[in-house]
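Remarks on the structure that follows.
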Amino acid sequence: MANTHQLTREYFTRSRFAAAGNFLGFLPNPDTILRRTGKTLEAYRDLKNDPHVWSCIQSRKSGVLCLEYSIVPAGASASIVREVDQIIRDLDIRGILRDALEAPLFGFQPMEIVWKQLGRFLVPESFRAKPQEWFTFDCQGSLCAKSEIGMAPTPIARHKIVNVRYEADYNNPYGQALLGKCYWQVQFKRGGLRFWVNFSERYGMPLLLGQFARGASPEEAKELAEQLSQMAEDTVIVAPADISVSMHEASRNSSVNLFRELIHHCNTEISKALLSQTLTTEIDMGSYAAAETHFKIRREVVQSDCRLVERAMNELIASIVELNFGRVGAPHF
């Protein structure tokens with residue numbers, strides 16, 4: 001007969017199988033890019049400076065931000081629904097949703113609730129995102145505040161932080177950071193742009209060729225070179241009749257196409273990582289059916305993000321109800 005004691009409690013836990021590096025009681029972020037490069041999440045924030053990354057982020061967020069919202073009873077009393085609805089409408093909902101939608105980009109997004117007394121109610125004065133670097137996870141997978149170096153993380157009080165997570169699981173409570181999927185594409189793209197600019201500077205401008213008769217002195221050759229250098233900016237040169245000046249243009253179309261294809265490929269991969277499709281951010285050849293499929297995928301991504309922010313808002317509403325009305329049914333966002 002099976003041992004009931006073993007069956008009714010969790011046996012396979014982090015504390016039992018924790019690595020030696022977790023003796024302080026916190027779990028390091030398992031993100032592959034951050035571990036291999038030794039960088040922090042600030043490296044992912046820097047990716048937002050890429051125009052294509054920013055466009056994809058705005059497209060993804062706008063799909064949720066353009067929607068209307070409502071507070072539904074979900075079994076709560078009419079008076080509680082009315083009070084909660086008024087409290088929520090006094091907040092900057094669009095700003096809150098925009099902050100919560102940072103979770104898919106970084107894996108998780110802690111949002112702090114600052115409470116204030118308003119009449120007989122305790123209501124949120126602000127509900128805003130805080131930097132992920134200030135937080136970690138303990139061996140139970142619970143969010144904690146980082147402490148001084150060498151110190152164990154600090155537990156967070158209830159009703160203080162709402163932690164929005166994207167694709168988090170037991171092995172990775174930090175969630176999946178979509179910007180991590182774009183890291184190398186942005187680096188390769190930046191390198192390709194830099195080489196393209198250098199190429200354009202070298203071969204984009206026509207080459208000025210100055211010729212003079214044999215017997216010219218070194219001083220005359222130097223003076224001609226200086227005048228040609230000035231001509232590149234002022235397009236004016238004065239020279240004797242026996243000096244010939246011609247313009248030669250380099251033809252490097254194949255090299256230009258190579259740079260363009262590299263950047264296009266990187267942009268396509270970024271679109272796939274952030275939007276799960278490409279046609280809503282890039283104009284490309286494709287059938288009407290393919291475009292419809294891509295728009296359907298985008299709608300599904302938007303719906304998934306809606307569920308994400310709904311959970312965050314419902315956790316906030318649950319705290320409002322519990323602190324003001326006790327453990328009763330709470331309405332839903």
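Here, residue 1 is the first one in the sequence, and each next residue gets the next number.
- With Ser271 contributing its side chain and Asn267 its backbone, the two residues share a donor-acceptor pair below 3.5 Å.
- In terms of modelled atom types and a separation under 3.5 Å, the side chain of Thr37 and the main chain of Ile33 share a donor-acceptor contact.
- Looking at Arg165, its side chain never comes within 3.5 Å of a backbone N or O of Gly107 through a donor-acceptor pair.
- A donor-acceptor pair under 3.5 Å is formed between the side chain of Lys146 and the backbone N or O of Glu133.
- The pair Lys39-Asp46 fails the salt-bridge criterion, with no side-chain N (NZ, NE, NH1 or NH2) lying under 4.0 Å from an Asp/Glu carboxylate O.
- Linking Ile, Leu, Val, Met, Phe, Trp and Tyr residues whenever their side-chain heavy atoms come within less than 4.5 Å places Val164 and Leu316 in a single cluster.
- Ring-centre distance between Phe325 and Phe121: below the 6.0 Å cut-off.
- Trp115 places a side-chain N or O within 3.5 Å of a backbone atom of His159 that can act as its donor or acceptor partner.
- Not a single donor-acceptor pair under 3.5 Å links the side chain of Asp85 to the backbone N or O of Ile71.
- Residues Ile317 and Leu323 share a single hydrophobic cluster, defined by chaining ILVMFWY side chains whose heavy atoms lie under 4.5 Å apart.
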Report the C-alpha separation of Phe26 and Phe137 in whole Å, then their side-chain angles, then the decisive distance to 0.1 Å, and conclude whether the ring-ring contact (aromatic ring centres under 6.0 Å, His included) test is met.
CA-CA 6 Å; Phe26 69 92; Phe137 289 86; over 10 Å; no
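- Between the side chains of Asn257 and Arg260, at least one donor-acceptor pair of N or O atoms lies under 3.5 Å.
- Using a 4.0 Å cut-off between charged nitrogen and carboxylate oxygen, Glu102 and Arg45 do not count as a salt-bridge pair.
- Proximity of a side-chain donor or acceptor of Tyr174 to a complementary backbone N or O of Leu27 within less than 3.5 Å is detected.
- Note that the CG atom of Leu47 and the OH atom of Tyr183 stand 7.5 Å from one another [nearest 0.5 Å].
- In this structure, the side chain of Asn314 engages the main chain of Phe333 through a donor-acceptor pair within 3.5 Å.
- Using a cut-off of 4.0 Å between Lys/Arg side-chain N and Asp/Glu carboxylate O, Glu112 and Arg128 are scored as not salt-bridged.
- Panel note: side chain Gln132, backbone Trp134; no donor-acceptor pair is recorded below 3.5 Å.
- By the side chain to side chain donor-acceptor pair (under 3.5 Å) test, Gln176 is found to be paired with Lys181, residues two or more places apart in sequence or in another chain being considered.
- Side-chain atoms of Tyr44 and Asp31 form a donor-acceptor pair, as typed in the model, at a separation below 3.5 Å.
- At distances below 3.5 Å, not a single donor-acceptor pair connects side-chain atoms of Gln187 with backbone N or O atoms of Cys182.
- Between Phe195 and Phe259, the ring center distance fails the sub-6.0 Å criterion.
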